[in-house]
Engineer: 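I'd like to ask you about the structure that follows.
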Number of protein chains: 2
Amino acid sequence: MVTGWFHLNHRSGIPLYLQLKEQIKTAVAGGVLKPGDRLPPVRELALKLTVNPNTIVRAYSELERDGLLSSEQGRGTFVRAAEPLLGVEERKIQVQGLIDKVLVEAFNLRLTTEELKKLWEERLQAWEVRLREGKGADR
Amino acid sequence: MVTGWFHLNHRSGIPLYLQLKEQIKTAVAGGVLKPGDRLPPVRELALKLTVNPNTIVRAYSELERDGLLSSEQGRGTFVRAAEPLLGVEERKIQVQGLIDKVLVEAFNLRLTTEELKKLWEERLQAWEVRLREGKGADR
DNA sequence: AATAATGTATCAATGTATTAATACAATTAT
DNA sequence: ATAATTGTATTAATACATTGATACATTATT
């Protein structure tokens with residue numbers, strides 16, 4: 001069960017629902033969770049992670065708002081298979097903003113353009129490999 | 001004076017000191033503010049932006065903690081010229097984390113690798129141009 | 001039809017973040 | 001020396017975020 005993938009640090013200072021959101025997003029982006037896959041029921045996951053069910057609800061519903069998940073009362077919560085909520089342009093703008101943040105941070109940390117390009121290539125390739133491996137296996 | 005570069009939105013929901021931090025960081029990364037340049041005194045900038053002086057203080061001192069600025073009592077606050085506080089490896093790890101965030105977001109927004117690469121190239125070039133132009137001009 | 005499983009909604013308690021008011025300390029300018 | 005300029009420190013008011021307790025609504029199972 002996918003439950004095992006999640007674990008929360010109660011003393012990190014980072015809100016529990018944010019930790020969970022991040023882990024779900026990473027799992028979906030990396031193909032660990034695929035469109036149509038079901039997530040654990042809120043109570044079950046709450047027990048497993050020893051948090052209040054509302055904390056799970058918050059993570060799930062914010063991800064639903066963002067178009068990543070889809071919850072149906074009485075049935076469960078699933079990874080959304082449908083199209084993204086935003087148009088291509090809007091999505092690109094969102095990613096551009098994140099890229100700019102990387103650039104600002106990198107330059108202020110005095111990384112050279114070369115170092116930065118290398119880091120980018122490395123991480124991009126790491127994810128491409130991860131995605132390629134994820135395809136097909138249902139785990 | 002560099003004061004004119006900053007402007008705060010009091011109704012955006014984003015904390016004022018964070019808005020200011022972001023603008024200072026962007027100005028330094030883009031070469032608008034150069035090492036050794038002086039920032040406006042806290043009271044002056046507070047008046048200009050119509051916020052409490054403590055709000056400016058908070059932005060300045062957090063950026064000092066991060067190694068970007070340097071404040072000296074009675075003298076003023078300046079863009080730090082010295083070496084970064086962290087070692088190269090630590091700085092790279094920090095940037096890697098941001099890059100991974102970009103990748104997670106991009107994949108979840110269903111951008112293709114091609115679209116993503118193109119966006120990266122575009123933004124990187126935009127900043128390189130900005131930096132090249134910034135060199136020499138004191139503005 | 002009844003029960004169990006699941007997501008939803010409402011409200012309260014608590015902690016944390018943000019901004020402000022005010023006084024203090026060091027440096028620079030006169 | 002004195003005053004002005006500048007950053008620093010302390011404390012408080014307020015709003016917001018986070019988590020929890022509890023009851024409700026819908027769907028699936030028996």
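Protein chains get the first letters and strands the later ones, always in sequence-line order, with residue 1 at the start of each. A quick note: this is a predicted structure, and the numbers were derived from the prediction, not measured.
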Engineer: Using a heavy-atom cut-off of under 4.0 Å over every strand shown, decide if A:Thr77 touches base, sugar-phosphate, or nothing.
Structural biologist: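 Sugar-phosphate: the residue A:Thr77, judged by heavy atoms under 4.0 Å, touches backbone atoms but no base.
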
Engineer: Would you kindly give the CG-to-P distance between A:Leu47 and D:dA21, to the nearest whole Å?
Structural biologist: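 Checked: the CG to P distance equals 12 Å.
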
Engineer: What's the CD-P distance between A:Gln73 and D:dA23, to the nearest Å?
Structural biologist: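 It is 18 Å, rounded to the nearest whole Å.
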
Engineer: So for B:Arg75 and D:dG7, does any side-chain atom that can act as donor or acceptor lie under 3.5 Å from a complementary atom in the base?
Structural biologist: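 Answer is no: no donor-acceptor pair is held.
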
Engineer: Working to the nearest 0.5 angstrom, can you tell me the gap between A:Trp5 CH2 and A:Ile24 CD1?
Structural biologist: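 A:Trp5 atom CH2 to A:Ile24 atom CD1 measures 14.0 Å (nearest 0.5 Å).
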
Engineer: Hey, could you give me the CG/CD distance between A:Leu85 and A:Glu64, rounded to the nearest 0.5 Å?
Structural biologist: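 The CD atom of A:Glu64 is 9.5 Å from CG of A:Leu85, to the nearest 0.5 Å.
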
Engineer: How long is the line joining CZ of B:Arg65 and P of D:dT8, in whole Å?
Structural biologist: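 The distance from CZ of B:Arg65 to P of D:dT8 comes to 14 Å, rounded to the nearest Å.
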
Engineer: How many Å lie between CD on A:Glu62 and C1' on D:dA17, as a whole number?
Structural biologist: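 That distance rounds to 11 Å.
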
Engineer: Could you list where the contact with chain B starts and ends along DNA chain C, reading 5' to 3', using a 4.0 Å heavy-atom cut-off?
Structural biologist: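 Answer, 5' to 3': C:dT18 to C:dT28.
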
Engineer: If you assign each of A:Pro53 and A:Ile14 to its closest nucleotide in DNA chain D, which residue comes earlier from the 5' end?
Structural biologist: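 Per heavy-atom nearest nucleotide, the more 5' residue is A:Ile14.
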
Engineer: Using whole Å, report how far CG of B:Asn54 lies from C1' of D:dT6.
Structural biologist: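 Between C1' of D:dT6 and CG of B:Asn54: 14 Å.
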
Engineer: Quick one: B:Leu63 CG to D:dG7 P, roughly how many Å, whole number?
Structural biologist: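 These atoms are roughly 14 Å apart.
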
Engineer: Between B:Lys25 and B:Glu22 (side chain of the first, backbone of the second, donor and acceptor by atom type, cut-off under 3.5 Å), is there such a pair?
Structural biologist: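 Looks like no, no N/O pair under 3.5 Å.
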
Engineer: Hey, is the main chain of B:Ile99 close enough, under 3.5 Å, to the side chain of A:Arg123 for a donor-acceptor pair?
Structural biologist: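 No, A:Arg123 side chain to B:Ile99 backbone: no donor-acceptor pair under 3.5 Å.
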
Engineer: Does a side-chain N or O of B:Arg38 approach OP1 or OP2 of D:dT6 to a distance below 4.0 Å, or not?
Structural biologist: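 For D:dT6, OP1/OP2 do have a side-chain N/O of B:Arg38 under 4.0 Å.
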
Engineer: Please answer whether the main-chain N or O of B:Leu119 pairs with a side-chain N or O of A:Gln96 as donor and acceptor at a distance below 3.5 Å.
Structural biologist: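 Not at all, since once roles are kept as given, no pair shorter than 3.5 Å links the two residues.
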
Engineer: Starting at CG of B:Leu49, measure out to CG of B:Leu16 and round the result to the nearest 0.5 Å.
Structural biologist: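 If we round to the nearest 0.5 Å, B:Leu49:CG and B:Leu16:CG are 9.0 Å apart.
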
Engineer: Tell me the interatomic distance from A:Tyr17, atom OH, to D:dT19, atom C1', rounded to whole angstroms.
Structural biologist: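 Taking OH of A:Tyr17 and C1' of D:dT19, I get 11 Å after rounding.
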
Engineer: For the residue pair B:Phe107 and A:Trp127, does the interplanar ring angle fall in the parallel (under 30°), tilted (30 to 60°) or perpendicular (over 60°) class?
Structural biologist: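 It falls in the tilted class, 30° to 60°.
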
Engineer: Rounded to the nearest Å, what distance is computed from the NE2 atom of residue A:His10 to the C1' atom of nucleotide D:dG20?
Structural biologist: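 One finds 13 Å between C1' of D:dG20 and NE2 of A:His10, rounded.
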
Engineer: Counting only side-chain N and O atoms of A:Thr55, is one of them less than 4.0 Å from OP1 or OP2 of D:dG20?
Structural biologist: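 Yes, A:Thr55 has a side-chain N/O under 4.0 Å of OP1/OP2 on D:dG20.
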
